[in-house]
Amino acid sequence: MPSEFDIIRRYFTRPVKRALLGVGDDCALIAAEPGAVLAVSTDMLVEGRHFLAGADASQLGHKALAVNLSDLAAMGAAPRYATLALALPEADESWLAQFAQGFFTLADAFGVELIGGDTTRGPRNISIAVMGEVPPELALRRDGARVGDQVWLSGCTGDAGLALAHLNGRIRLTDAALAHCLARLHTPLPCIALGLALRGLATSAIDVSDGLVADIGHIGERSGVAVELRYAELPRSRALEACTDESLARGCLLAGGDDYELAFTASADARGRVEAVAAELGLALTCIGSVSAGEPGMVSVYDAAGKIMQPECKGFDHFD
Ligand code: ADP
Ligand code: MG
């Protein structure tokens with residue numbers, strides 16, 4: 001059986017280039033570049049809550065880091081460092097090797113250095129903190145949306161929710177749709193390049209982790225504005241278009257969660273610049289609504305006839 005220190009040395013000690021000091025001391029030492037500040041965020045994945053016992057270790061390593069990097073993307077920060085606190089029921093070396101492979105493949109893709117953490121026996125729990133850099137005046141905060149701004153969404157929502165509906169037996173996806181939706185659920189990619197491109201362009205941003213309506217509601221609350229969304233204009237994947245259970249499709253689009261797309265606002269004048277970013281990055285960016293005066297945090301969804309819908313729009317509450 002490897003000891004705690006064997007595990008740290010074998011699986012989680014990598015040389016660092018940017019950090020002044022990485023794994024192995026009481027603390028890591030880091031500094032932000034001149035003109036930048038550190039953007040810091042933590043997200044935890046708990047077995048039985050965020051993933052099932054027996055989940056693929058490599059995908060868990062990927063996803064645990066991806067959901068954290070998604071928060072840096074939503075802040076317009078460039079990813080730099082991560083720490084990893086792991087509780088594991090046993091020191092399973094094949095699990096550790098696969099987890100580390102999934103984690104470091106994604107970390108390398110985004111230039112993230114693992115600089116510390118904690119390792120202990122316990123119910124399986126993966127807690128990661130990430131640090132990125134951003135000039136403070138360019139950070140994409142939630143509180144900058146203004147009445148008249150347009151609301152944009154990258155990619156589309158709903159696919160991870162569809163995958164869950166399939167796994168729970170509520171629908172049966174075709175093999176191709178299932179493969180697509182499972183990849184969205186288990187190996188999401190954080191929208192880092194988009195976050196960086198939106199610096200100085202978006203007036204506010206958030207990553208869609210808990211459901212589109214709920215997360216856009218957070219922008220509304222923090223900005224003191226209401227938001228109007230046009231249901232017919234929400235982008236949909238082929239898998240979602242093919243879903244004949246209209247109520248499920250609507251639930252997935254508006255409240256599915258686990259999407260890790262960026263929702264953001266920009267002034268109407270900036271429309272051409274947003275479209276130029278989409279073209280440059282080869283991304284779909286869709287204008288899905290607008291910011292209005294009204295009850296702060298209220299998100300209204302309108303159908304194609306301009307009628308307000310009664311959406312199942314509650315977001316994911318972790319204490320449900
Ligand atoms: P301490 O007793 O000071 O908490 P530890 O013995 O827990 O230190 O950890 C030793 C070193 O290994 C520290 O630098 C810590 O940040 C690092 N470390 C521990 N677990 C992990 C992990 N899972 N991933 C990365 N670094 C880790
Ligand atoms: Mg420790």
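In this text, all values refer to a predicted model and were calculated from it rather than measured experimentally. Throughout, numbering of the chain's residues begins at 1 and tracks the sequence. Start at 1 and go down the list; that is how both ligands and their atoms are numbered. We use all heavy atoms of the structure for the numbers below, so side chains are in, but hydrogens, waters and symmetry mates are not.
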query: Is there a side-chain contact between Met44 and Asn125 (heavy atoms, below 4.5 Å)?
result: yes

message: With heavy-atom distances below 4.0 Å as the criterion, list the atoms of ligand 1 near Leu114.
response: 24 (N), 25 (C)

message: Taking the side chain as everything from C-beta on, heavy atoms only, tell me whether Ile171 gets closer than 4.5 Å to Leu248.
response: yes

query: With under 30° as parallel and over 60° as perpendicular, where do the rings of Phe264 and Trp152 fit, or are they tilted in between?
result: parallel

Non-hydrogen side-chain atoms of Arg250 and Leu240 separated by less than 4.5 Å: no

message: As an exercise, identify every atom of ligand 1 less than 4.0 angstrom from a heavy atom of Glu4.
response: 6 (O), 7 (O)

task: Run the numbers for me: atoms of ligand 1, each under 4.0 Å from some heavy atom of Phe5, listed by number.
output: 6 (O)

No-hydrogen, no-angle side-chain donor-acceptor test under 3.5 Å, Gln59 and Thr187: no

query: Between Ile8 and ligand 1, which part of the residue brings a heavy atom under 4.0 Å of the ligand: side chain, backbone, both or neither?
result: side chain

query: Are Phe51 and Arg124 close enough that some pair of their side-chain heavy atoms sits under 4.5 Å apart?
result: yes

field: N/O separation below 3.5 Å, Leu86 to ligand 1
entry: no

query: Which ligand 1 atoms, with their elements, are less than 4.0 angstrom from a heavy-atom of Asp25?
result: 13 (C), 14 (O)

- line: For Gly116, the atoms of ligand 1 under 4.0 Å from one of its heavy atoms are 16 (O), 24 (N), 25 (C), 26 (N), 27 (C)

